[in-house]
Amino acid sequence: MSADRPNQLFRNMNAKVAAIPMIVTALFVFVGGTAWTIVYSFTKSGLLPRMKWVGLDQYERLWGTKRWLIAIENLAIYGLCMLVLVFVIGFILAALIDQKIRFENTIRTVILYPYAMSFVVTGLVWQWILNPEFGIQNIVRGIGWESFTFDPLYTPEIAIFGVLIAGLWQGSGLVMVLMLAGLRGIDHEVWKAARIDGIPAWKTYIFIVIPMMRPVFITTLVLVVTGIVKVFDLIVAQTGGGPGIATEVPAKYVYDMMFRNNNLGQGFAASTMMLVTVALIVIPWAILEFGGKRSND
Amino acid sequence: MRTIGSMLLAGTALAGASMANATDLEVMHWWTSGGEAAAVAEFAKAFDATGNTWVDAAIAGGENARAVMVSRLTGGDPMGAFQFNHGRQAEELIEAGLLRDITDIAEAEGWLDLVNPSTLLDACTVDGRVYCAPVNIHSWQWLWVSHSAFADAGVDVPSNWAEFAAASDALEGAGKIPLAMGQQGWQQSGAFNVMMASLLPSEIFLGVYGDKDTDIAGGADVATVFEAAAAARDMAAKSTVQNWNDATNLVITGQAGGQIMGDWAQGEFAVAGSVAGEDYSCLPGLGTNPRLSTGGDAFYFPVLDDSDLAAAQAELAALLLKPATQVSFNLAKGSLPVRGDIDLSAANDCMQKGLALLDAGALLPDVNMLATPDTVNQINTLFTEFFADSSISAADAQAQFVDIIADAE
């Protein structure tokens, strides 16, 4: 065993050499930048970074700020709903398209199109659609239902769901395409076998096909979750954080603190908290996912 | 390599020399509404007349513009000149040595003697050195009232805030929005600060923002202002516009009774062809306590290595305070000039009121001069929330306000 070790290191030498620039960049930019940000989150940096140590002051202020608490709450609501709904909608759409329907290409393209649009465009389009003056509410009232009210973006309690609708509209297409690719990867023999055994289609999907699509689900999960954590442009374009501060999100708090309040320290503290939150979710998951395999080798 | 390098250098030197008299100077500002754009065009015209070229880089919205300006300065890509609200916003940029010391220009042009009130130049001065050129005086403390809205409601045009507030039911009955207000934090907190400055004695305003005295901020006097703000919130409940000039437009067209906004609203009335005293009235200090805060705009000049650009900067700085530019710019913008020795007989009713207050010395410092951007924006957030959510009581908002003042420096 011990004699084999050096050989292991030099195996696939070309690949390892090729990966060096990326490894160096990742270490320097990501790890270095992260460490720098965390260090400066303990300082009283204003418009420019300043090494003026204040300990945990920035964090105390952060967790005493109502706007930050609302931002965290909004991210939790948006994230959870987005995660569940985008998977459900995306998978159902994929399963429907997988029924060998006509015009599959056309339908697939139409559903994927919103993903080609930036969040800024998505946000503006849905801002107009949800605007009571000339959006859905106006159209329904025009048809004759005079008392119809639908103005989520103007009602603080549900404004975040107005944003969610836009996010789902934009994101579902991508999930559908990934799921469809996963479904196409399932061997036809599996379906035939299930049919012969008399298993209903929905049971086949839930107990056989979905477990077999695990890698696709994990890829999609990573894409969707990173999209949720960094949601910023959608909010800025659609609501600007309003009405009031009802749709604030952490990323927008960080931006506003750094570039509007000229308070880098506070922005760094907030972004460090975002990192900690992500780490708390990702690290246990990564250990579960990849940690187990080592012992089997 | 060396020869090619020196040839290139010689080439650029030649190009530089031939352009010495026509330098392109990029000027950044956030003057994009109708009246503002007309005003900044006066500067551009005057600067182009000197043989240089004014390259206009306007970014809508002060908050967005400031973010871009600061990131360009700190990122090492400075523009030729930029507009800022003077005061504490630029403090750190000056400390970091990013801004040009223009004391020599100020002395040559005699700004020390002619800038009136002298506090404007003080706000540009750090450790005895001048870093910015004040171009106008803006005051926040105005109530703009639409005559046609009050005629429709069958009520006399009010002469102060109490009468205005009393007429809100009649206005609402006539299908009007009593108070127009844009849904942006700076407008909402601005209206609150106007109430504090106008409905209470000056000592309270100075105590809260100048001394950061939490006893005064949490006291009974300030509580009355929060009550007034809660009343204003009800009056503005139907005002869903975002931008201040859209809100002003509601007043111009008679859809809203009035708006609390700085004197820059004057420019919008002028562009729309409304006549002061006939179509609309302006009430300084909300008609209750005529006093103006002397905030305003100033131009700062980043440190540049290029000597041609630096020369153009100096020309622009001197030009901004010349009598002719001051008159044409301020007439278009509706603001007051920074020098008292020029003829403004062309100014309308509202500007004359402002000039009279300026002469009488009924002045207050602006919040931006007293508080850091951090504090100002925290207050903006508080009022964004307060005005959007009628379930927040005046007392709760005041408690949060006291916390912000306690943290301020």
Side-chain angles (χ1 to χ4, degrees), chain A residues 44-50 52 54 57-58 60-71 124 127 130-135 137 151 153-159 236-248 252-267 269, chain B residues 61-75 88-98 182-186 188 233 237-238 240-243 371-392 396-397 399-400 403-404 406-407 409:
Chain A
K44 196 178 176 53
S45 294
L47 181 65
L48 306 166
R50 270 188 305 195
K52 205 170 155 194
V54 291
D57 276 11
Q58 299 286 11
E60 274 169 28
R61 175 173 154 190
L62 182 68
W63 288 104
T65 304
K66 196 173 166 197
R67 186 176 151 188
W68 171 254
L69 299 175
I70 289 180
L124 282 176
Q127 186 193 58
L130 299 177
N131 185 313
E133 305 285 323
F134 29 76
Q137 177 176 315
D151 55 349
L153 295 185
Y154 292 84
T155 317
E157 294 78 30
I158 56 166
V236 169
Q238 201 180 355
T239 66
I245 54 172
T247 54
E248 291 289 343
K252 184 165 178 291
Y253 183 89
V254 171
Y255 177 85
D256 283 351
M257 280 301 146
M258 287 166 73
F259 300 110
R260 292 198 172 163
N261 285 35
N262 295 352
N263 190 341
L264 286 180
Q266 181 67 199
Chain B
E63 290 184 339
N64 297 329
R66 281 191 289 272
V68 173
M69 289 167 184
V70 168
S71 66
R72 276 191 59 176
L73 283 167
T74 52
R88 301 189 58 176
Q89 289 174 348
E91 247 171 35
E92 281 193 55
L93 292 172
I94 294 171
E95 280 172 24
L98 291 165
Q183 305 292 308
Q184 288 169 347
W186 67 271
Q188 294 155 333
R233 176 172 67 187
K238 292 207 179 67
T240 52
V241 293
Q242 288 288 327
N243 296 315
T372 59
D374 194 21
T375 306
V376 170
N377 275 311
Q378 280 181 286
I379 296 170
N380 287 353
T381 306
L382 171 63
F383 282 101
T384 309
E385 199 190 345
F386 179 73
F387 274 93
D389 184 353
S390 56
S391 69
I392 300 172
D396 289 348
Q400 290 187 47
D403 285 345
I404 294 171
D407 281 347
E409 49 190 89

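In what follows, chains carry the letters A, B, and so on, assigned in the order in which the sequence lines appear, proteins first and then strands, with residues in each chain numbered from 1. For clarity, every value in this text was computed on a predicted model and none was experimentally measured.
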With sequence neighbours left out, what residues match Trp186(B) under side-chain hydrogen bond (donor to acceptor under 3.5 Å, both in side chains)?
Gln184(B)

Is a salt bridge present between Asp374(B) and Arg61(A), judged by a nitrogen-to-oxygen distance below 4.0 Å?
yes

List for me each residue that meets ring-ring contact (aromatic ring centres under 6.0 Å, His included) alongside Phe387(B), sequence neighbours excluded, and say none if there are none.
none

Going by heavy atoms in the side chains, are Asp256(A) and Asn377(B) under 4.5 Å from each other?
no

Return each pair, listed once, that meets salt bridge (Lys or Arg N to Asp or Glu O under 4.0 Å) where at least one residue sits in residues 238-247 of chain A; pairs must be two or more places apart or across chains.
none

Quick one: which of Asp403(B), Thr381(B), Thr375(B), Asp389(B) has the most heavy-atom pairs under 4.5 Å with chain A, could you say?
Thr381(B)

Counting heavy-atom pairs under 4.5 Å to chain B, which of Gly241(A), Pro156(A), Gly46(A) comes out on top?
Gly46(A)

Supply the atom-to-atom distance Leu382(B) CG to Lys66(A) NZ, rounded to the nearest 0.5 angstrom.
9.0 Å

Would a distance-only check, ignoring hydrogens and angles, find a side-chain to backbone donor-acceptor pair under 3.5 Å from Glu92(B) to Leu48(A)?
yes

Show the nearest heavy-atom pair for residues Ala388(B) and Pro243(A), with the distance to one decimal.
CB-C, 3.8 Å

Out of curiosity, Gln378(B) CD to Thr65(A) OG1, how far, rounded to the nearest 0.5 Å?
6.5 Å

Here the gap from Glu385(B) atom CD to Ile70(A) atom CD1, rounded to the nearest 0.5 Å, amounts to 5.0 Å

Under a 4.5 Å heavy-atom criterion, the part of residues 258-267 of chain A in contact with chain B comprises Phe259(A), Arg260(A), Asn261(A), Asn262(A), Asn263(A)

